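Since the structure is predicted, the reported quantities are computational estimates derived from the model, not experimental observations. We name chains A, B, ... by the order of the sequence lines, and we start the count at 1 in each one.
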Number of protein chains: 2
Amino acid sequence: MEQELTIQQVAAATGLSVHTLRYYERCRLIAAIGRSTSGHRRYSADDLRWIEFLNKLRLTGMPIRQMQQYAELVRSQPNSGFHSRRQILADHREAVLAQIQQLQDNLVVIDWKIQHYCELEANFNDSLKPSPQTQSA
Amino acid sequence: MEQELTIQQVAAATGLSVHTLRYYERCRLIAAIGRSTSGHRRYSADDLRWIEFLNKLRLTGMPIRQMQQYAELVRSQPNSGFHSRRQILADHREAVLAQIQQLQDNLVVIDWKIQHYCELEANFNDSLKPSPQTQSA
DNA sequence: GCTTGACTTAGAGTGCGCTCTAACATTTAA
DNA sequence: TTAAATGTTAGAGCGCACTCTAAGTCAAGC
């Protein structure tokens, strides 16, 4: 019943490279993974879920340092310390919201510029192939 | 009338460091800036506007390489080639929209986790200081 | 038994975007 | 006149997050 996954399978499932998975373990984002008799890593379903959550933190731009703090809290106080963990996530949430806001604000200016180019492009094409009507008007 | 700005003033106005301003010029994101008789940079209002737009591209995550392509187009064909420029910005726009979407998707999971911690925290506190009512119920 | 391929490690290397340094010139205020 | 501040350059250095390498172990198929 206990589905154990190889590092390749976890890489395929998460989109992280095998290099990155080992790197994350080395810098203690992931606790020491179980091993087969031959010493190869065998990831549990729980390991996979943890890695998937880690990846969501990364994809929203949380620095490795901060993820390490979070992972350390989970490791050292698995049944308490919820407040500190929540605090880290809540602070990060605010940072991500601010980032989204900034992206949207800057996108407005870029959109405006795209629109501007559309118009310039249209005028430029008109000047190359003027229709008789346009010219006489 | 022609307001010329020092590198410090442009740094203050844009939020970029003087180091970064010189770096951008070196890698041709910014065309060679005018100089005072003593050789110090003097930025025009146009320079400032260009740098501000560049900064919006950077803040939305456009790589320096792509900004270089865009800057090169503006420099080589200031009065045409609007299509290629628009294309770069439009592609970038799509990338930014996708990034915002991904941030929002991942944020849903993080939000869920924060909520989960709120509940665990509440239960943990209840178990420490149980009210008579709660205990008898 | 032997090859092939997936796995292991410690540690080196990479790409990006700055960021800083050293050595020197110029400007400004006291 | 002189000290402090600001500017210049080429080039080195840095922090981040991977990404790869070398040298070796192990398991499966022929």
Value in whole Å for how far the P atom of dG17(C) lies from CG of L59(B): 13 Å
Pair listing, side chain to side chain donor-acceptor pair (under 3.5 Å) test, anchored in residues 22-31 of chain A, at least two apart: E25(A)-R41(A)
Close side-chain approach of R42(A) and T6(A), heavy atoms under 4.5 Å: yes
Test: R75(B) and E72(B) ion pair at under 4.0 Å: yes
Any R22(A) side-chain N or O less than 4.0 Å from OP1/OP2 of dT8(C): yes
Residue-phosphate contact under 4.0 Å: R58(B) side-chain N/O, dC18(C) OP1/OP2: yes
Ring geometry between W112(A) and H116(A) (parallel below 30°, tilted from 30 to 60°, perpendicular above 60°): parallel
Ring geometry between Y70(B) and Y117(A) (parallel below 30°, tilted from 30 to 60°, perpendicular above 60°): perpendicular
Start and end of chain A contact along DNA chain D [non-hydrogen atoms, under 4.0 Å]: dA17(D) to dA27(D)
Nucleotide of dT27(C), dT19(C), dT8(C) approaching T37(B) most closely (side-chain heavy atoms): dT27(C)
Whole-Å gap separating P (dT9(C)) and OH (Y23(A)): 16 Å
Nearest listed nucleotide, side chain of H19(B), among dC20(C), dT9(C), dT27(C): dC20(C)
CZ/R65(A): more than 12 non-hydrogen atoms of other groups inside 6.0 Å: no
